[in-house]
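The structure displayed is predicted, hence computed values, not measured ones. Below, chain A is the first sequence line, B the second, and so on; all start at residue 1.
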2 protein chains.
Amino acid sequence: MIVAMSRYDPSAFPPFAVTVDLVVLTVREHALCALLVRRGESPFQGYWALPGGFVRPGEGLAEAASRELAEETGLRAHSAPGPGPSAVGAHLEQLATYGHPQRDPRMRVVSVAHLVLAPDLPTPQPGGDASSARWAPVGDLLGPTPVEGVPLAFDHGKILADGVERARSKIEYSSLATAFCPPEFTVGELRQVYEAVWGVVLDPRNFHRKVTGTPGFLLPTGGTTTRQGGRPAQLFKAGGATVLNPPMLRPEA
Amino acid sequence: MIVAMSRYDPSAFPPFAVTVDLVVLTVREHALCALLVRRGESPFQGYWALPGGFVRPGEGLAEAASRELAEETGLRAHSAPGPGPSAVGAHLEQLATYGHPQRDPRMRVVSVAHLVLAPDLPTPQPGGDASSARWAPVGDLLGPTPVEGVPLAFDHGKILADGVERARSKIEYSSLATAFCPPEFTVGELRQVYEAVWGVVLDPRNFHRKVTGTPGFLLPTGGTTTRQGGRPAQLFKAGGATVLNPPMLRPEA
DNA sequence: ATCATAGTCGTCTCTCTGACGATAAGCACA
DNA sequence: TGTGCTTATCGTCAGAGAGACGACTATGAT
């Protein structure tokens, strides 16, 4: 079995660099936004890019993604198999891996992209240098003319698009939309998350009936708030359910 | 930005090996089966494992997966963005990437797993050596006592489980179940695919109504066949639709 | 007090689904 | 030449769920 011999021969393997890139999404001012950092060096110097970095020896992929996220935003993330949403945590999951031979002009780099869903962060500009990081509405990034007319570095535009599509479809059949919300939130705030991520307008009455009627989705905390204005709204926290049955339906059209 | 400097410094990066592993699924005799190969060398010598191998320099990830698939089975696969299902092709998509630091005892190996959905192959035993490859019912592999009481090599049990779960959920909302069928098939054959993948029994009358009523799912070819026995059944081929709206619903309970 | 804003509860209709009866059209075999 | 078995296909009916939308409630703003 020559094939089998060469398949796992550890002595002669082509060298790769492995990185993680992060698609960090949040909802700010009714818009789905992604975290971008400005590149300080060549190639793509001055371009906006997704945050990310090398996976260290002895470090797992999710571990590397989590470390990069903490370095960039201070967020603590829990991967899917971890405990349910809590304090200042964000949701983290693997998105996909990008390994086109020429995706980095310098060397062979395989990047394992991760998707992070986070509530709106208190600090608008993460990191020290105000010009080195920003939240950009994804609507401005996904069109034919990306942010300020300049596409993202490397294949990050494609990675971002894949991440946004993952988020859009995943909030349909999972309770992940709550990852965009603070620990306690109202039905209206949750509805605004769906409206921002999907870019649609939803009927408040049907939405209310749907989410409060889906078992395990929302747990009432007993409190109320008027921070949205109008009649005080009940506060909820995320329930234990991870998959929604029946799912939320994205309006077609 | 020291962090930014180190993020993409190409001169000093930890060395990784990058492989592709394949979860190749088919439906044989009313059971969902996965392709396994027997390892000829240490570690895990003599264990069953998923087919796979190193990504070559200058080779993309899907390209490497496609090459390995052809080497193991002779199948030509089309990735998702390619043309629709045709001749002897199989569906190929990236599944997930596995990079636990100790997943291979010899070195740091990051494996990009791919999922392949194929129609039942004419050759029961792929490859030359009859003892080196086999189709194994996934029901025998996913339980607490895997095939012949021996777990799969490396973390391949976990990869297989993830692949099976991906296939199970993906045939719900996409037309991918047709990837398990020959180019022309009957509604009954398609139903048997759903029954095998989900491990359930479906009502033939409701199933028929559902799939023939979903626009773009099935295209009648005009022919009929009696290969299933009983009354002649219409032959269909896969329609252009990739997402099913409304989705097929997996029975709960 | 009145209005604007948001939350919450109900109603109606339509579509889709699951359960299941009935009929159709082949093959095997007496 | 039937009879029986098998699978395909069509129909019916009741119940669940979703979209459209009316109505009422409880706050803050003016």
- Task: Just jot down the side chain to side chain contact (heavy atoms under 4.5 Å, CB included) partners of A/A177, sequence neighbours excluded, or say none.
- Result: A/I171, A/L190, A/V193, A/Y194
- Taking only residues two or more places apart in sequence, or in another chain, which ones meet A/P137 in a side chain to side chain contact (heavy atoms under 4.5 Å, CB included)? A/C33, A/D140
- Is any side-chain N or O of A/R191 closer than 4.0 Å to OP1 or OP2 of C/dA6? no
- Within residues 210-223 of chain B, residues whose heavy atoms come under 4.0 Å of DNA chain C: B/K210
- Query: What does the inter-axis angle of the helix from C/dA1-D/dT30 to C/dA30-D/dT1 come out as, five pairs per end, nearest 10 degrees?
  - Reply: 0°
- Stepwise side chain to side chain contact (heavy atoms under 4.5 Å, CB included) check, A/L235 with A/T224: CA-CA 5 Å; A/L235 284 170; A/T224 60; 5.7 Å; no
- Query: Just checking, any donor-acceptor pair under 3.5 angstrom between side chains of B/D162 and B/Y98?
  - Reply: yes
- Task: Taking side chain to side chain donor-acceptor pair (under 3.5 Å) as the test, write out the residues that go with A/K170, two or more places apart.
- Result: A/E93
- Message: Could you work out, with side chain to side chain donor-acceptor pair (under 3.5 Å) as the rule, every residue matching B/Q228, not counting sequence neighbours?
- Response: B/E189, B/Q192
Are [X] and [Y] side-chain neighbours, meaning at least one heavy-atom pair lies under 4.5 Å?
X	Y	result
B/L141	B/P151	no
B/Q234	B/T186	no
B/L22	B/L35	no

- Nearest-0.5 Å distance, OG1 of residue A/T97 to CD of residue B/Q94: 4.5 Å
- Look up atom OG in A/S174 and atom CE in A/M248, then write down how far apart they are to the nearest 0.5 Å. 11.0 Å
- Protein-to-nucleotide contact annotation, 5' to 3' order, nucleotides 19-25 of chain C [B base; S sugar-phosphate only; - none; under 4.0 Å, heavy atom]: BBBB-BB
- Those residues of residues 194-201 of chain A lying under 4.0 Å from DNA chain D by at least one heavy atom: none
- Which nucleotide span of DNA chain D, 5' end to 3' end, has atoms closer than 4.0 Å to non-hydrogen atoms of chain A? D/dA18 to D/dT27
- Task: Return each pair, listed once, that meets salt bridge (Lys or Arg N to Asp or Glu O under 4.0 Å) where at least one residue sits in residues 173-185 of chain B; pairs must be two or more places apart or across chains.
- Result: none
- Excluding sequence neighbours, so at least two apart, what forms salt bridge (Lys or Arg N to Asp or Glu O under 4.0 Å) with A/R209? none
- Note on the structure: Sequence neighbours excluded, the answer for salt bridge (Lys or Arg N to Asp or Glu O under 4.0 Å) partners of A/E195 is A/R191
- Establish, yes or no, whether the cationic atom of A/R134 lies under 6.0 Å from the six-membered ring centre of A/W48 and within 45° of the ring axis. yes
- Item | Given DNA chain C, 5'-ward residue of the pair B/P246 and B/T226, judged by closest heavy atom | B/P246
